[in-house]
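Heads up: the structure comes next, in C-alpha cells.
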Amino acid sequence: MRTVAFVEGVRTPFGKAGDKGIYAGTRADDLVVNAIRELLRRHPELPPERVDEVAIAATTQIGDQGLTIGRTAALLAGLPKSVPGFAIDRMCAGAMTAVTTAASGIGFGAYDIAIAGGVEHMGRHPMGEGVDPNPRIIADKLVDPTALVMGQTAENLHDRFPAITKQRTDAYAARSQERYAEAVKTGKIGPELVPVATRSKELGWGLATEDEPPRPGTTLETLANLKTPFRPHGRITAGNAAGLNDGATASLLADEDTARELGLPVAMRLVGYAFAGVEPEVMGIGPVPATEKLFKRTGLTIDDIGLFEINEAFAVQVLAFLDHFGIDDEDPRVNQWGGAIACGHPLASSGVRLMTQLARQFAERPDVRYGMTTMCIGIGMGGTVIWENPAFEGAK
C-alpha cells in the first residue's frame with residue numbers, strides 16, 4: 001500500500017438555506033466547481049491531466065446536484081475531458097467517503113492524484129426531496145419512526161444519556177460560537193475560503209466571502225429561551241444544533257511520492273478510516289463505534305490523538321463521544337476553531353471541512369502527531385478518519 005497525502009482542502013463560505021440565503025440564486029454545481037477551480041489555481045505545479053479521478057458527494061442527487069456530479073463538475077471546472085468523475089452518497093459523511101474512497105484507490109495504485117469533496121444546496125434541495133422510502137422500513141419495524149427525523153434522533157440520544165443535559169449542550173454550543181468567532185478574528189478561518197459570485201433578485205450581484213450562519217455573541221441566556229421543535233419541552237433547539245445550509249468543499253489527494261515529484265505540499269498523511277452502523281434512531285452515537293473499530297485496526301488509542309475535529313450536527317452527539325472517551329467538555333484539543341453549530345453543516349460537504357481545518361491546525365502544531373476527523377451519519381452510522389502530521393517533530 002502506498003502512503004496517501006492530503007495536499008490541501010478548500011471550501012466555499014457556507015450560507016443559510018432558503019430564499020434569503022446568500023446562495024438562493026446560485027446553482028449547487030457551480031458551488032463545487034468554484035472549489036475545484038480554486039484547488040487548481042492554488043497548485044499550478046499540478047498538470048490538470050495528471051488528475052486521475054474526481055469524487056463529489058451529494059446527499060440529494062437531483063436537479064443541479066444530479067447527473068453524476070463528479071463528472072459534470074470536473075468538466076465545468078475545466079479539467080481535461082480525459083479526467084473521469086463520479087458521484088457518491090453517504091448522507092452527512094458524503095465528502096468523508098469521497099476522500100476515503102479516492103484515497104483507497106491511491107493506496108491500491110489505481111490513482112496517483114484525485115480530487116474529492118462534496119456539495120449540498122439545502123435551500124434548493126431539502127433533505128429527503130424526491131425520495132420514496134420503502135414502507136416496510138417502518139411497517140416491519142426495522143427502525144423506529146423517529147429514525148428518519150434527525151432532530152428526533154438527537155432527542156433520543158438525550159434520553160439514552162441523561163447526564164447530557166440541555167444546559168451542557170447549550171454551554172457547548174455557546175463555546176463553539178465563541179471559538180469560531182475568535183478563529184475568524186485571528187485569521188485561522190478564512191484562508192481556505194473560496195469567494196463565490198452570488199445573485200439576488202432584490203440586491204443584484206454580490207460576492208460571498210464569509211460564512212453566513214454564525215451568531216457571534218451567543219449566550220447561555222439566549223440559548224435557554226429557544227423553542228424545542230422536535231419535542232415539547234425537549235432539549236434540541238436551533239441554537240445547539242447545526243442549521244440548514246448551502247456550501248461545497250474540495251480536497252486534493254495524492255500518493256506521497258507523486259506529490260513530492262510534482263512539488264505538491266503534504267499537509268497530512270492518511271493513517272486509517274472506519275465506518276460503523278448503529279441503531280438509526282440514535283444515529284448521533286455513530287462516531288463512537290467507528291472510532292473504536294479504527295483504534296483496533298491501527299493499534300492507536302484515544303491518548304494518541306492530539307487534535308479532534310468532530311462534526312457538530314448536534315451538541316449532544318459531540319458530548320456523547322467525549323463522555324465515552326473520558327474527554328472534558330472544554331478540552332482545547334476538540335474543535336478548537338469552533339464547528340458546525342457556528343459555521344454550518346451543508347450535509348455531504350462537511351467531511352472535507354473537518355479535514356481542511358485539521359490540516360491547517362497540524363501546520364501550527366509540530367508537537368501533535370495524530371489527529372482525528374469524525375462525524376455521525378443519518379440512518380444510523382458513524383465515520384472516523386485518523387491522520388498523521390508530517391510536521392511532527394517528535395517528543396521533546
Side-chain angles (χ1 to χ4, degrees), residues 4 6 9 11 55-59 86-107 114 116-120 127 147 150 153-154 157 242 247 249-251 253 268-298 300 302 304-305 307-314 316-322 324-325 327 334-335 339-340 345-359 370-388:
V4 180
F6 184 97
R11 68 178 178 92
I56 299 297
T59 300
F86 64 94
I88 199 164
D89 170 30
R90 201 197 294 262
M91 295 198 74
C92 303
M96 175 179 280
T97 306
V99 167
T100 57
T101 302
S104 297
I106 292 171
V119 61
E120 210 73 53
M127 184 165 57
M150 296 303 102
T153 69
L157 202 58
T249 59
S251 64
L253 309 171
M268 302 192 291
R269 296 188 186 99
L270 179 64
V271 176
Y273 65 88
F275 293 93
V278 297
E279 299 142 282
E281 56 269 28
V282 285
M283 67 95 195
I285 200 64
V288 169
T291 300
E292 294 282 18
K293 180 188 288 189
L294 186 52
F295 283 155
K296 289 180 181 178
R297 289 178 175 173
T298 60
L300 298 174
I302 199 70
D304 294 311
I305 308 301
L307 289 168
F308 296 83
E309 279 294 319
I310 307 173
N311 193 45
E312 297 171 353
F314 301 93
V316 63
Q317 156 255 313
V318 179
L319 294 177
F321 179 92
L322 299 184
H324 177 84
F325 288 106
I327 300 172
V334 178
N335 293 8
H345 173 31
L347 299 184
S349 69
S350 290
V352 165
R353 180 190 67 80
L354 302 176
M355 296 171 190
T356 299
Q357 290 196 182
L358 179 61
Y370 296 111
M372 173 185 293
T373 56
T374 188
M375 62 199 314
C376 59
I377 309 167
I379 318 186
M381 292 179 283
T384 300
V385 188
I386 293 178
W387 302 89
E388 184 179 24

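All values derive from a computational prediction rather than experimental measurement.
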Residues forming a side chain to side chain donor-acceptor pair (under 3.5 Å) with Thr384, sequence neighbours excluded | Thr291, Thr374
Side-chain touch Met381/Phe275, heavy atoms, less than 4.5 angstrom = no
State the CZ-CG distance between Arg353 and Asn311, to the nearest 0.5 angstrom.
-> 6.0 Å
Min side-chain heavy-atom separation His345-Cys92 under 4.5 Å = yes
Considering all heavy atoms, the nearest Gly94-Ala57 contact = C-CB, 3.2 Å
Between Leu270 and Phe6, is any pair of side-chain heavy atoms under 4.5 Å apart?
-> no
Any idea which heavy atoms bring Cys376 and Pro287 closest together, and the distance?
-> N-CG, 3.5 Å
Output for pair (Ile88 CD1, Met96 CE), nearest 0.5 Å, gives 12.5 Å
Partner residues of Ser104 under the side chain to side chain donor-acceptor pair (under 3.5 Å) criterion, sequence neighbours left out | Tyr273
Pairwise side-chain contact, Phe314 with Leu157, heavy-atom cut-off 4.5 Å (strictly under) = no
With sequence neighbours excluded, tell me which residues meet side chain to side chain donor-acceptor pair (under 3.5 Å) with Thr356.
-> none
Give, for atom CG of Leu307 and atom OH of Tyr370, the distance between the pair rounded to the nearest 0.5 Å.
-> 14.0 Å
Less than 4.5 Å apart, any side-chain heavy atom of Gln317 and any of Met283?
-> no
Indicate the atoms forming the closest heavy-atom contact of Ala114 with Ala102, along with that distance.
-> CB-CB, 3.9 Å
Apply salt bridge (Lys or Arg N to Asp or Glu O under 4.0 Å) to Glu279 and list each qualifying residue two or more places apart in sequence or on a separate chain.
-> Arg160
Looking only at non-hydrogen atoms, find the nearest pair between Ala274 and Arg297 and report the distance.
-> CB-NH1, 3.9 Å
Under the ring pair (Phe, Tyr, Trp, His ring centres under 6.0 Å) rule, collect the residues that match up with Phe308, sequence neighbours excluded.
-> none
In this structure, CZ of Phe325 is separated from CE of Met372 (nearest 0.5 Å) by 6.5 Å
Donor-acceptor pair, Thr59 side chain versus Met91 backbone, under 3.5 Å?
-> yes
Carefully, step by step, assess Val385 and Leu354 under the rule side-chain contact (heavy atoms from CB on, under 4.5 Å).
-> CA-CA 10 Å; Val385 188; Leu354 302 176; over 6 Å; no
In this structure, CD1 of Ile377 is separated from OG1 of Thr97 (nearest 0.5 Å) by 6.0 Å
Should the heavy atoms of other residues, nucleotides or ligands under 6.0 Å from CD1 of Ile379 be counted, would the total exceed 12?
-> no
Indicate yes or no for a side-chain donor-acceptor contact from Ser251 to the backbone of Ala116 under 3.5 Å, with no hydrogens or angles considered.
-> yes
Separation between CD1 of Ile327 and CD1 of Ile305, rounded to the nearest 0.5 Å = 9.0 Å
Contact summary for Gly117 and Ala98, nearest pair of heavy atoms | O-CB, 3.7 Å
Say whether, by atom type as modelled, one donor and one acceptor occur between the side chain of Glu309 and the main chain of Thr373 under 3.5 angstrom.
-> no
Taking every non-hydrogen atom, the tightest pair across Trp387 and Val271 | C-CG2, 3.8 Å
Those residues that, when tested against Asn335, pass side chain to side chain donor-acceptor pair (under 3.5 Å) (two or more places apart) | Tyr172, Glu312
